[in-house]
Amino acid sequence: MTDFSRRRLLARFAAGIGTAWLAPSIARARRTAPQLPPAPAHRDPPGDDRFTRPLRIPSADGLLAQVRLAQAIELTARVDVLPVFSGRASGVWNYAGSIDGHAVANPLLIARRGELLDVTLVNRLGQDTTIHWHGLRVDEANDGSGLHPVQHGQDYRYHFRVDNRAGLYWYHAHPHFHTGEQVHNGLAGLLLVEDEEELALRRTLELPWGQRDIPLLIADKQLGSRNGLAYKAGADDWIGNRVLVNWVPEPCFDVDPALYRFRLANLSNARMFHPAFVARGKALPFWLIGTDGGLLDKPVRVDDCYLAPAQRLDVLVDFGGLADGERVLLRSLAYDPMENDAAATGEDPMLEHPGAAPMGAELDLMELRVGKGPRVRARLPAALARLDPVAAGGAATRKFRVRISDSGRWMINDWNFLIDGHAPAFGVRRGEREVWEFSNEFRSMPHPLHVHGFQFRVIERRKSPKQIVSRQVDRSKGLTAQDLGLLDTVVVWPGETVRIAIDFAQPFRGKQTYMLHCHNLEHEDQGMMVAFTVDD
Ligand code: C2O
Ligand code: CU
Ligand code: CU
């Protein structure tokens, strides 16, 4: 078995193995100097000419084509050569389909709540794969975790009733130990769920989908030689040297001086973003209206948010105060990445991803250009949707300690999937409510922890770092705006303790096995995952 241990990787660097692509002098400098050498340029030339390609909007064809799930569809996991960057087309691992005569790739699937999802996965990838329906209520057979791999040449029918609140969910490959590679190389797409509340809100907001209501699939990729997507199995925290929004590098989007709705989804392997809308050099305040599991009860005004891998944010931004010709950057602001485990060992993750901006560095994702269009005064509803208060009274607490072992493995309590495999670490009674308490050690890094099959609520954050404390909207409980919504992925920062409430009520009888894992996909592949059961 490949030894994925984080420290082991460091030992390899120290010995100078695995750095063959570096100029010898740089390799030597890195070995002797603990400081990072100046990062190589990770951007196209600065200035407005960075953003030359129009943003991709969901259409009927190609990447991000939108497909209604009212019909049964077939998606084939395979590699296609698609134009993504300028110059040579790239090999993209994708879920390809032919829908009503249109060739689609990683389509944006749209379902009404209550509708059947009927998707047959055909595997032509040359290795095991799956489709995991991230954030959806499903039974084990439809969860698409590594427990049910689909082999090359085989197919598998995912078939279940969509029973989630309206919101932006997503789907991706999830085979044991190869999730990072398959998602990085492209096997992921968005899934939008609609319900009555959502449709009512749309009537109030009058922001037509695809015009003023736009999904933004954000993912960084490591671009290697000849425009190939480069991934190194066994690597750590795979951050990339290019950021794509809707599969377009550095896109631009023309907006009217009016209100817009953006649904941001971070489909990166490991990079956390810190999105803000920057106009005239300052963050333009916006409203958070939804999170992973759908709408908040009311809009919350913020200047920025954190968006960890797998998380989604539903936001309203008003460009109405800006003049014709002004430009707004969707920027990921700099933040402290708190890679406290690495600082202790002098690790340099850059060695693995040439040209990538370090974790936490400022990154411009997209440019919005304000035009002359009609100036529309934004009307914001006071109430968005019904969201029950957090109910945790009387629930038993289950504690999880998140840490790195002495041998450099990421652990959840004493569990690591490489060692423990499928054996469920614990069992939950169907219909129970539980409080899960995650405590991250200080000598650690931020971990976006994800639970399959269930949305949850954050009850409380304690001992949060400064950059979180300064963004709390509920001081007594330590909650940020994002913590007010339903989540399926929650970041636990170094030193922090986060308590969440999960309701395990669901219609699926018998023993169902799910996963709890870190959604830094390299951590997951390195075993930062446990199986648990929900049983009657
Ligand atoms: Cu989106 Cu188990 O993952
Ligand atoms: Cu999931
Ligand atoms: Cu992690």
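Atoms within a ligand are numbered from 1 in the order they appear, just like the ligands themselves.
For atom 1 (Cu) of ligand 1, the N/O/S atoms of His452 include none lying under 2.8 Å. Distance check for His450 against atom 1 (Cu) of ligand 1: none of its N/O/S atoms falls below 2.8 Å.
For Arg457, there are no side-chain hydrogen bond (donor to acceptor under 3.5 Å, both in side chains) partners, not counting sequence neighbours.
The 12-atom threshold is exceeded at CZ of Arg462, counting heavy atoms of other residues, nucleotides or ligands nearer than 6.0 Å.
Taking atom 1 (Cu) of ligand 1 as reference, His134 places its N/O/S atom ND1 nearest.
Computed with the Cu ion (ligand 3) at the centre, the His447 ND1 to His523 ND1 angle is 110°, stated to 10 degrees. The angle His450:NE2 - the Cu ion (ligand 2) - His132:NE2 amounts to 170°, with values rounded to 10 degrees.
With rounding to the nearest 0.5 angstrom, the CD atom of Gln482 is 7.0 Å from the CG atom of Asp292.
For Arg68 and Glu194, the salt-bridge test passes: some basic side-chain N is under 4.0 Å from an acidic carboxylate O.
Aromatic ring pairs are classed by plane angle as parallel below 30°, tilted from 30° to 60° and perpendicular above 60°; the pair His422 and Phe417 is tilted.
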